[in-house]
Amino acid sequence: MSSLVIKGQRESGQDVRTGNVTACVAVANIVKSSLGPVGLDKMLVDEVGDVTVTNDGATILRLLEVEHPAAKVLTELAAQQDEEVGDGTTSVVILAAELLRRANELVRSRIHPTNIITGYRLAMREGCKYLRDKLAKPVDKLGRETLINAARTSLSSKILGSAESVKFATMAVDAVMAVKTPTSSGKYKYPIEAIHVLKAQGKSAKESELLPGYALNMTRSSQLMPRRVAPAKIACLDVDLRRTKMKMGVSVLIENPEELNKAQEKELDITRDRISAVLKAGANVVLTTKGIDDAALKYFVEAGAIAVRRVSERDIERIAKATGATVQVSMADLGGEESFDNSLLGYADEVYEERIRDDDILIMKNCKSTAACSVLLRGPNEYMCDEMSRSFHDAVCVVKRTLESNSVVVGGGAAEAALSIHLENFATMIGSREQLAIAEFAEALLVIPKTLAMNAAHDSTDLVAKLKAVHHAAQNDDSKSKLSSFGLDLDVGALRDNLAEGVIEPTISKKKIIQFATEAALTIIRIDDLIKIDKKEDDGSVPY
Amino acid sequence: MVAVQAASSAAMPYATPNEATTASAMSEKAKDVRRSNITAAKAVADAIRTSLGPRGMDKMVRQEDGSVLITNDGATILEQMKVEHPAAKMLVQLSRAQDVVAGDGTTSVVVICGALLSAALDLLGDGIHPSAISDAFQVALDKSLQIVKDMAVPVNLDDREALIQAAKTSLSSKVVSQYSNLLAPIAVDAVLTVKSAPQFNGNPNANGNSSTESSMPGVSATSATSFVDLKNIRTVKKLGGTIDDTELVDGLILHQHTAKAGSNAITRVQNAKVALIQFCISPPKTDVDTSVVVQDYTAMDRILREERQYILGLCKKIKATGCNVLLIQKSILRDAYTDLSLHFLGKMKIMVVPEVERDEAEFLSKSLGCLPIAGIESFTSDKLGKVELVEQVSLGPEKIVRMTGITKPTKETVSILVRGSNHLVLDEAERSLHDALCVVRSIVHKQYLIPGGGAPETEVSVMLSKVAKSTTGMEAYCIEAYAEALNVVPFTLAENAGLQPVEIVTDLRRRHAAGESGAGINVSKGAVTNIKDEDVVMPLLVFSSALSLATECVRQLLKIDDIVLVR
């Protein structure tokens, strides 16, 4: 290989495969201990010294800044799972690494990678089919109970898991239901971006609450404004309400001192006209993304209106959605003059300021179209609040996915064990080299229950063996089909009917975990050559 | 090598006055040069041969900037590999040339070239003059092209199934092979749609029939074979979803998204009239040196009003033509649009898509049937393109604008929306789709198909050695070697598929010698079968161009007898 001169290094053949697999397994090992209800958290300190304490696989991997190119595939995998499903980020990474490890073993025992690829693919397809046809429990009419259970399962592994899980699960379900909006095609969509999460330190996590309406983490521009306005008419502006300065290239030439005063007044007058146009339209709450001059505040105070400046664009858009207001970037009308139409206003029953911890928070209660709600998370410190918001996000995603897919599978390792048994049977039906790969795939799925048991400090070998036995019986003996919903009870270290206990996950989440993990594993197995191009030396010249 | 030479010339500065011994140039001995060139080129071929064929593996390349690329495409691998040896660079360009001509077979061409080079190296070792080898190879090439031509089957462009099979064969070696049932028809339909385009330009009265014959009388003889410009096929990549969501869009996809002023954004327009403008809807800027001087404070109001009136005037004129979708080309001199203009346009219910690139303008006007408008004065309703539905669609985190139901008599362009779950898969899907498009294009350009799976190489090899036996001299010897070298393709195919290469290749040769020209390696069954029955086919152009390019590259390398490094 020395005759190939490239600007960098090259590795090929089995070395690369082993190297890649080792790197991926190393990454998976990092997140392994955080899987499941008894999983532990990681504390990550970045180069600036910022600390993150988390249990979320995607967050851990994102902060790790992995260097190895193959391991990067895994971090991307977690990010992708996070984006598409929102939950199961740890599982997907662990499963992918296990699939890879087993594939590498197979290659070592002289099975050509292409056979493994075909085998894994077959197994993945068969697995997803089985998951959809046999394991998924259709929920015809999703009761609130089911949703809360799904959210609880997701929360169980998180910091919110223990005593408060019912409270937070209920909050998650309520939040998602609050943002439920019908689409044009008669279905419903759940824009979870409309759930506004506010974090405030102080008070216990138990005192977190769901606020009816939109909470804006900002305060009135002036203390002279009223604390409460009801009923509120809200104007959302993207207009600068400071003194109107002339544009670049326009200079005002003033010849005597009186003129100066007048010119300055004129600047303010233009702004005053704008404000009075808005107030005349009936607005008593004015939000703008830009500034408001202190001198201009008096107009609002006189009118008894609340004005808030420097609202972030994200916030103002959500508020507009919630209250039915229209965000205006300019007040110009089609006549070329400036005016403000009252159809642009949004409505809420009440807008009031509340003091939470040291901050004042402006709450818009009972907005006209309630396509938004806010969750106020409380916690003893910043890290706790951050982690709570991540966990809450996961729970919200799970609720959303459950509502969308209308079907659930049993959690606690039950689905994986059932799939594993089925695929083992499936493997024996295939009389070619792919059989081995499918069998390994089946075996790899068991990594999830194994890790769950291990993290809970139970005898994983024993438990998984029992689990397999139960599922084997369920699949082969019709009279025992009820056993198919048996999974691990990690508190006691025994088996139980997890469906009855309400340990459920949305089917789509499980399906995506299997699909994504397989795809990622295959991408890496297919690589037999790694070329690292050296970084360009900085020779001081300008690159472009 | 260079270092040794430099040292010796430095030690004896005056011993060889005839040679270029100045500090600026150094030379190498002819024989060693040839050998080192060939070895370097062969190393390149060896590097990518594991990615040949349906069971080929992928390469992972970590680029200079640290980003990672995973691909199976020969041209892409070589381009990213950054080889240093000048001869090795020639192979990289060889692969690129194949990419330009045929678009597929970029790995094969390099593998064939490598095999031919090692044959040449042996011949050189036997003391045959490089020119003799080079000439004999040319003879062999001419014969080979004749042989493949004979085994090729003409294909009718109306035979959609045959085209799809060819595209599928090309896709089978890629990571996206499991989606070939979806991607192959997309590629075929896309190429067939844009194929007919130039004929209508030449003869606008021709009827809508897309076959070449129908338009022949109206067009000059040069355009008798229809031409496919892949530039008319736009592929838009968007992250998210899976490859299953990839689709051929009857209409146009814009990767830009609509501009939004406040919550006034219009994201759906029915019965749209689309205008593509190249001017800005923003207040004119004063030059740096000049400025507007206001002497009277009352005039300050007027300035603001003037600005509003100016923009409003522009917008009203646009509205008056009936336009309701506005595509704005990027401008570097000033803002192409301002908040104020978006505000007005939004009020007038005109959808705005900004950030159109300058080089996109031609494609857009071709697809929509609208003319680019350079100034507000020339904004007239006859320049608008009519589209049934323009809609902004959210795809996960990203947004695209989709235009469907373009009311234009002829379709000259198509758009393909490629989806993938991560950017590695997405990029590879796009590259694979490009290959498939190229394959279909190759068939349109040269309407012949040949069997794949190593069949043509074996056939040429077997027939060529027969030819060699009927001639004498140096040439016969070299042709024999050439024929032998072509076995590398079936050999590598078998090797990559985890089969026994020697067994397979000998079986293949036996069958071809017995006159079974369609015998090829069936990778999925792991045996030699009649590959035509398996529908593994490829365009003639891909193979013939690979063979010609590889041979020419070898001949060129053989003729080099000196490398002069100029400092």
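First the proteins, then the strands, lettered A, B, ... as listed; each starts at 1.
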| note | Bottom line for Ala497(B): the part with an atom under 4.5 Å from chain A's heavy atoms is backbone

| field | Side chain / backbone / both / neither for Val16(A) at chain B, heavy atoms under 4.5 Å | value | neither

| chain B contact via Arg110(A) - side chain, backbone, both or neither, heavy atoms under 4.5 Å | neither

| note | So, the part of Glu428(B) with a heavy atom under 4.5 Å from chain A: the answer is neither

| task | Please say whether more than 12 non-hydrogen atoms of neighbouring residues, nucleotides or ligands are located less than 6.0 Å from CZ in Arg272(A). | result | yes

| Contacting region of Lys262(A) [heavy-atom separation from chain B under 4.5 Å] | both

| message | Please classify the contact between Arg62(B) and chain A as side chain, backbone, both or neither, with a heavy-atom cut-off of under 4.5 Å. | response | both

| query | Where on Asn496(B) is there a heavy atom nearer than 4.5 Å to chain A: the side chain, the backbone, both, or neither? | reply | backbone

| message | We want to know whether Ser343(A) and Asp341(A) form a side-chain donor-acceptor pair, criterion being a heavy-atom distance below 3.5 angstrom. | response | yes

| task | Using a cut-off of under 4.5 Å on heavy-atom pairs, state which of Glu313(A), Met331(A), Glu267(A) scores highest against chain B. | result | Glu267(A)

| message | Given heavy-atom pairs under 4.5 angstrom as the criterion, report whether the side chain, backbone, both or neither of Ile525(A) touches chain B. | response | backbone

| task | Establish, from distance only, whether the side-chain atoms of Thr289(A) and Asp238(A) form a donor-acceptor pair under 3.5 Å. | result | yes

